[in-house]
Structures are given as C-alpha cells and as structure tokens.
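As structure tokens, the structure follows; a few thoughts come after it.
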Amino acid sequence: MQPIRTFNVSPFLPDQLQPLRKLAYNLHWDWNVETKDLFRRLDRDLWESSRHNPVLMLGTISQARLQEVAEDEGFLAQMERASRQLDEYLKERTWYRKQRGLGSSQSVASGETQEVNGKPQECFAYFCAEFGLVDCLPIYSGGLGVLAGDHLKSASDLGLPLVAVGLLYQEGYFAQYLNADGWQQERYPINDFYNMPLHLERNPDGSELRIEVDYPGRTVYARIWRVQVGTVPLYLLDTNIEPNNPYDHDITDHLYGGDLDMRIHQEMMLGIGGVRALQALGIKPTVYHLNEGHSAFLILERIRKLIQDEGLSFAEAKQVAQATQLFTTHTPVSAGFDLFPPDKAMYYVGHYANIFGLSREEFLALGREDISNLASPFSMAALAIKTASFINGVSQLHGEVSRVMFQGLWENLPLVEVPITAITNGVHARSVVAKPNQELYDRYLGPSWSEKGAEDPLWDRVASIPDEELWRNHERCRSEMVVYVREHLQKHLRDRGASPAEVAHAQEVLDPGVLTIGFARRFATYKRANLFMRDIERIKKIMRANKDRQLQFVIAGKAHPKDMPGKDLIRQIIHQIREAGIGDQVVFVPDYDIYLARFMVAGCDIWLNTPRRPREASGTSGMKASMNGLPNVSILDGWWDEADYVRTGWPIGHGETYDDPDYEDEVEANALYDLLEKEVVPLFYNRDSEEIPRGWVAKMKDAIKLNTPYFNTARMLRDYSVRGYFPASDRYFTMTTNAYTPAKELASWKRRLFERWYDIKIEDVDITAPPELMVNQAVAVKTLINLAGLTPDDIQVELYQGSVNADGQIVNGLPTVMNYQGTDEHQRSIYTADVIYSSSGLQGLSLRVLPKHENLSSPYEPGLVLWA
C-alpha cells in the first residue's frame, strides 16, 4: 500500500539528553574516545547491532532506558564532557588560520562569499566517488574511500575551509559472505538514510533542495544530503526520488555497479551534479580537487558556467578552471582508468562541445592521451590531467610510475620533469589507533601527538614509554581481536546455516598468545594474498615447528563482485586452509570493513603486504598498523618503499622487478619464509625473565616514532594545502580580479604563443670550451634566437646539463637559466650563461626554450618546449 504522505519521525529525547542528538550527527564521535564510549555505555548491545550508528540507536532505544540515563549523574557528566569536547574542537581549529594570516574562523558550510579580516574567503571543494568514514555509512569499497574519509577528518582537524562532494548509494558496497565452498557471495543491505548520521538539505520553505542534470532526452533530479565531519560538510547526491524513472533511481544505487552506461551516468551526476549542488547551496569554491578521475566531468560544467554566466570565451574559461584545479591519481596501471568510446562520450556529454564552440574532434581531444588517433577512447584521467595545474600520485614510487604512464602528454620533456609530483598518503591517527594505545600515547607523548610532524621533539618521548606497559597494552589488543574474530565468525556461520560443529569450532580458532600475522585488503590478484601459502608444507613447518614458538594468520578482504579471479583467489585460500588442516591457525574473516580493520591493525603482531611491485600505488593499512606499533613485512612498494623498512619492519626483497611472474612468486615466497624463520619468529619469542620481548618492543617503538608522524593525514593535508590548495586558491583570486582580466590576458597570450611558437629558431649556439674539461671549470655559452615576434618576456632560455648514459641521453639533467643580453644587428635575441660541471665522466649540454608568464602555474602548463 502506497502512503499518501510520509513523515520523518525523530526520536524523542528528554531535555537533559538533548546533547546526544548534536553528538550523534557529527562524525567527530568516530575519533573521539569519550563520545564513542558514551554511546557504547548507553546500550552496548544496541551499539553493536546498529553497526555503531548513534542515530539509529537513539531512534530504537527504549524510552525507559533513556529515562533511566537521564537520571544517571555519571552518564550526564560524561555526556557534558563529550559535548564540551565537541564544542571546543569546532572552535579551536587554528592551523589553517595561522598559515593564511587569518585571525578568526571561517564558516565553510554556509558557503557565503565574504571577506575575513580583509582577505577574501576561500573554499576547497574535494570530489570523490566514495568516502569511507564510519562502518554505519557503507558508501565505500576500499582504500580510496577510506583515504578520502581520512582526508576530510584531517581537513577538519586543521581547520581547512574544505567541502566535499560524493554520491549517496542506496545499497552502497556489498556485504560479503562465503558459501560452504568458500565462494564469495554478495548481499546489498538497503541504507536507511533517515536513520543514519545524515541531514537532508532543504530550501527556506522546508522543501527538499534539489538539483537537475541533463541526460540524453531527459532531466535527472537529485536531492542533497549532508554528513558533518567535524567542521567539514560532505554533500552526497541521491537520485532515488520522484520524478526520476526507475533506471535513474539506480544512478545512486550501487557503488561501481552496472555497465559502462551506468558508470558514465554516475560520473556525470558526481561531476556535473556536484558542481550544481555546490551552486545551489551557495558555496563558491576557489579550488576544485579531483580525487581520482571519476568526477572529471565537473570540468565541463565549470567551463560552461564561466562561458554562460561570466561571458568568457572557451579559452578564457578553460584557463580559469585549469588554474584552480588539482588532480590526484591512485592508479598505477593505465587499464585502471575509466575509458569511454568516443561515440558514447559524445552521446552523453557532447552537447558541451556546442556550448564551447568546439568541433567533435576538438572536444574529444580534451580527454584523449593520443589526439592524433581518432579512434582512441575518451579518458577521464586525461581530461583531469589536461585541465589541472597540480597533479600528484600518492607515494614517491607511484609518482615515478605516473610520470612514465603520462609522459606522452608532455612531448619532448625529460621524464624527471613531467609535472606530476607525489604527496604520499597518510591515515587519520585518532581514527585508527586503538583506544588503549591512544591513552598510552596521550600519557607519555601529550595530547597533541596525532598532529605533530616528524621534526617535533615530542617523538623522542616514545623511548620513555615503559616496555612492559606498551607490551601489555598490545597483548590486550591481540586478545580483543581474537575474541572479536571468533564472535564475528560464529555470527557469519550461523547466518550461512553452518552445522553446530562448525559454529562451535569457530569459538576455538586462534590463540591470543601466539605471534599473529595480519593480511587485509581488497582481493585483487596482483596483491597475492596467497603468496605465504605457496609452499604449504614449509609454512606449516614454520607455524608448528615448535609448540612454544607458533605462528598464526588472520586474513580478510573483499573481491569486486565482477572480479572472478579475485573471488577464485579467496576460494583457493579457503580450500588450502581446509586441505592443510590449519583452520585453527589461518582464519579468513568475512565481510571486511572499517570496524574489523581497526581490530586487526591493533591486534595483529605483524602486518603483511605482498603486491607485485610497482602495482601498489600507496597502501594505507600498513600505516595504520605501524601507528599501533606493528612492524610491517612487505614488498618494497607504495609507501613502504620510502619508510625506514629496516628499523620499523622487514623488506621482502630489495625492490626488484621480474619478467616471469611465476619465478617472482617463487623467489619472494622463499624470501618471506626465510624472514619468518630466521628473524621474525626468533625476535618475537626471545623473552626476558619478565616475559617481555625487548628486541621486539624496540622495533614497535621505532614503528610508532618514525611512521606515525609522517604517514599521517595531518602531514598529508599540510602538504596538499601548502603545495596545492593555497597556490591554486591564490591563482583563483588573481584570475578573477577586474572581471577576469588576468585570465583573459593569459588566454590571449597563450593563443599568440601557440601561433608563433613553431616559428622560433635557435640559430646559433656558441660554446667556449675545449673537448677536455676539468671539474668546476666554467664553460661560457652564448646563443642567438629568432623569437618570431615573441618578446624576451614571453620565454625562458635554459641550458640543460647532466651526465650522458649509454644511450647517448642526458640523464638527471639540471637547468640553468640564461641571461638576456639584447639583440644583434639581425634582431636576434642574445642569451648567455656560464655552466660548471661538479662531477667527472662523460657529461652533456643542451639548450631549450620554455614559455614564461607570471600567471602560468608552471612553464610546463602550455606543453611546449623547444630544444636546440
């Protein structure tokens, strides 16, 4: 029966308990121990059964229990403390204000354009297809989403004026269970938005605030929900409403679900709809940050708005958008990017070409890596890169891989100068460090440890933590994990209809006193979850060789529903465990999520990671483990390649790459077994008279001291701010002054530059030097250049020097800017410079011309370089 009217019924709270509502609707509770304990205290069973959802709890708890705690002085006192902590937190976010010279806080949620202390208000808009914040908001699939969630939490901690945009999935990502054969099955629980920590955005008259996006032949509507993450609002679009048709309801149904057409529908809603949502909310970003390419269509909408609302030409509008846009890629292989056939791209978004005044091929060239190939697909990554002024990978190694992948977009530029940098990922410390460890760090390091940088002397205090206290703390975390895993397993087995014997056996798995290795991540085959089981007899021997020195594994992770090889990998592992008879010591825990992850990264003793290098862009689970004092054992890939992997864990191999995957597996599995036998197991079980493994605890302390301050989203967000957000926001204010005059001038200058660039001639290069040079001997260089109508202010002439490799190429070159000396009688521009070689051997010298303009984000922005 269809209702004729619906009501959103809120829980009734006694007046004394009204602060609970405020606490429940701000996700600050997720990283505030006091608040989380408060909700657990309210009703422990309901806290667990609600998936730790305080809003659902308040809506289902009995009024009798509410009345009871309303008269409980201890509960009320704790609630007041938690409420006060939230109020103080919201007021005291000062890092951003200090960096930007502001004396008072800015409200980004209102989105009002105003000046703060005489400075224009800025706002950074962060777009991502998924956000992993808390387990009761299952709109994430894995590392990308959890990283995005941590990004918002640290942006709040630092007081950044950041807003975020995503999609609100009705069924989200799947819940995983295994059938009796070990094959992954998926369930899609329906998300009840009205019983989640979400606010529905409304118009002043109380009606739902809605936006609309044009699709072929129809308009699709979306409403806007807000998640409050500390001071940061996350706006999520929902199309499951009337008057949309059933197909359009499904746009925000499954995360990464459906076919290619559904994917393009979702990405249009995220990018185009996201820009329109911010406009409808009155928010005017000065910077747009695309976290992966899923939201890249926002560029088209931004350019359209600038053309139609501000009267700019396409070139001028593109210049404004590019100057104020950041793009972060997390993908280490080209096949991982979204690619759409040209006809499909034109069918869905080709109407923008008419608005821009571009031909079909000119428009498609915006998203093509190879513009000369008219059959090449439309790449969301290429679209994002070509219209961004700051591009980064998520670890130093991933930055190198990304430069190789996209070098073709900067023809004739040396690989090391391809303008793709790296900002290594981090994790949000207060979210991932277990409560006992947080309390320990608070006592010995002080309450601000979670935000302090690596250079802060606070980290020297880690040595002062008593070994006994750190070790007992960790043993407690391991015991809590084992208890949780047993309960979790039993619940899943009962839900599957397993036999009573299987359910009873789950109560006996794992030993809380045994060395425990954790492996938990997305089950893609390149991550090689079963590498440690390659030689099953050898690993059994290591696990059981000595009854006093045993070893056990806890494994978790999901394969994408359409990733059949990933699903088969899970089944293989389940079968190997059964056939080898090691089910007590190797446990696969189904339905991996944020909550289970937090038990594992605190309760295991070792964190294992075995990807094929360099396929792991960053990896963050090992960072979480490190913050809890776990050493890592890992292939040198992603973040681990730049960590102190000797003091804080063990490397598997030395960063080799292989042509033969089978040989690679053999070598690296044996290297892992050797490490376990000769180093890991002996160090863990080498105890003193107090049963403390002093050597192991020393490694734990190094893991905490060296990895926590750096592989932390507090450091990551400071990097994004100083290197990305602040410069891009400054460019926004520059470009938009005087009715966009600087943007118009820069676009006009670029047009003139492109018209004349290919007529520039380097007519003479005079190098005054003998064939044999001495180290530190100066070499004078003079060149004559015909600028073809450009001026010396339009270009920069550089000498490019470095050693010459076996292929005759300059490697690790260093540029030296040449000085303009006027013109000769033929009106050729004269440039001179001296260079010095500080090392011996075969050295090379070249000369190049680059564009120069004060408002370029970098000389590489136009993609032009002329070599002698």
Side-chain angles (χ1 to χ4, degrees), residues 2 6 111 125 127 129 139 165-171 193 198 200-226 235-255 257-285 288 294-310 314 317 321 338 340-341 343-358 360 363 366-367 378 380 383:
Q2 288 286 100
T6 60
F127 283 67
I139 55 171
V165 178
L167 299 179
L168 184 59
Y169 303 100
Q170 185 73 58
E171 298 184 15
F193 300 155
L198 297 163
L200 185 59
E201 293 293 331
R202 298 185 180 277
N203 293 305
D205 65 1
S207 60
E208 292 180 358
L209 180 62
R210 294 187 173 186
I211 57 102
E212 51 190 68
V213 176
D214 295 325
Y215 287 81
R218 68 198 192 281
T219 298
V220 178
Y221 301 88
R223 57 184 171 182
I224 306 167
W225 298 82
R226 173 168 53 88
Y235 296 105
L236 300 169
L237 301 180
D238 167 23
T239 64
N240 193 9
I241 53 174
E242 299 297 337
N244 292 339
N245 64 44
Y247 182 89
D248 295 335
H249 287 180
D250 291 347
I251 293 174
T252 55
D253 191 15
H254 294 303
L255 171 61
D259 56 14
L260 203 58
D261 285 281
M262 180 52 73
R263 176 63 68 94
I264 205 169
H265 274 78
Q266 290 184 325
E267 297 189 352
M268 288 174 67
M269 183 55 65
L270 174 61
I272 298 166
V275 171
R276 294 184 180 180
L278 293 179
Q279 183 178 19
L281 291 160
I283 296 171
K284 298 181 179 179
Y288 287 79
H294 306 114
S295 61
F297 287 137
L298 71 83
I299 296 149
L300 307 181
E301 179 65 8
R302 291 190 65 201
I303 293 173
R304 179 200 69 77
K305 280 168 46 62
L306 288 164
I307 290 172
Q308 295 185 338
D309 298 351
E310 305 297 332
F314 168 72
D338 286 325
F340 298 115
D343 288 346
K344 194 176 291 290
M346 290 303 297
Y347 177 70
Y348 283 106
V349 295
H351 59 282
Y352 280 100
N354 301 326
I355 297 169
F356 298 169
L358 300 180
R360 169 190 165 96
F363 178 76
L366 292 172
F378 190 89
M380 297 296 275
L383 176 62

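Of the inter-residue distances, the one linking D338 atom CG with E267 atom CD reads 4.0 Å to the nearest 0.5 angstrom. Note that the CG atom of L237 and the CD atom of E201 stand 11.0 Å from one another [nearest 0.5 Å]. In this structure, CG in D238 is found 6.5 Å from CD in Q170, a value given to the nearest 0.5 Å. Between the OH atom of Y235 and the CG atom of L209 there is a distance of 10.0 Å, given to the nearest 0.5 Å. Separating the CZ atom in F378 from the NZ atom in K344 is a distance of 14.0 Å, to the nearest 0.5 Å. For the atom pair CG (L281) and CD1 (I224), the distance works out to 4.5 Å, reported to the nearest 0.5 Å.
L298 approaches Y288 most closely through the heavy-atom pair CD1-CD2, 4.0 Å. Residues G257 and M262 approach most closely at O-CG, 3.8 Å, considering heavy atoms. Nearest heavy-atom pair across A129 and L255 is O-CD1, 3.7 Å. Across all non-hydrogen atoms, the minimal contact from F340 to R263 is CZ-CG, 4.1 Å. In terms of heavy atoms, A222 sits closest to T239 at CB-CG2, 4.0 Å. The minimum heavy-atom distance between Q266 and H254, with the atom names listed, is NE2-O, 2.8 Å.
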Taking it one step at a time, do M268 and V220 satisfy side chain to side chain contact (heavy atoms under 4.5 Å, CB included)?
-> CA-CA 11 Å; M268 288 174 67; V220 178; over 6 Å; no
Verdict with reasoning, I299 to M380, per side chain to side chain contact (heavy atoms under 4.5 Å, CB included) | CA-CA 11 Å; I299 296 149; M380 297 296 275; over 6 Å; no
L198/L236 under side chain to side chain contact (heavy atoms under 4.5 Å, CB included): CA gap, chis, key distance, verdict | CA-CA 9 Å; L198 297 163; L236 300 169; 4.2 Å; yes
What's the verdict on side chain to side chain contact (heavy atoms under 4.5 Å, CB included) for R202 and R223, showing C-alpha distance, side-chain angles and the deciding distance?
-> CA-CA 9 Å; R202 298 185 180 277; R223 57 184 171 182; over 6 Å; no
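Scanning for ring-ring contact (aromatic ring centres under 6.0 Å, His included) contacts around Y215 gives H265, with sequence neighbours left out.
Applying the ring pair (Phe, Tyr, Trp, His ring centres under 6.0 Å) definition to pairs two or more places apart or across chains, none involves residues 266-285.
Formation of a donor-acceptor pair under 3.5 Å by the D214 side chain with backbone atoms of T219 is not found in this model. Within the 3.5 Å criterion, the main-chain N or O of D205 finds no donor-acceptor partner in the side chain of N203.
Using a 4.5 Å heavy-atom cutoff, the side chains of Y352 and I303 are not in contact. Looking only at side-chain heavy atoms (C-beta outward), L167 and H294 stay at 4.5 Å or farther from each other. Counting heavy atoms from C-beta outward, L300 and F356 have side chains that approach closer than 4.5 Å.
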Atom pairs and distances, donor-acceptor, side-chain atoms in residues 270-278, under 3.5 Å, two or more places apart:
from	atom 1	to	atom 2	distance (Å)
R276	NE	E301	OE2	2.8
R276	NH1	E212	O	2.8
R276	NH2	E301	OE1	3.3

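When only modelled atom types and interatomic distance are considered, Y221 and D248 share no side-chain donor-acceptor pair under 3.5 Å.
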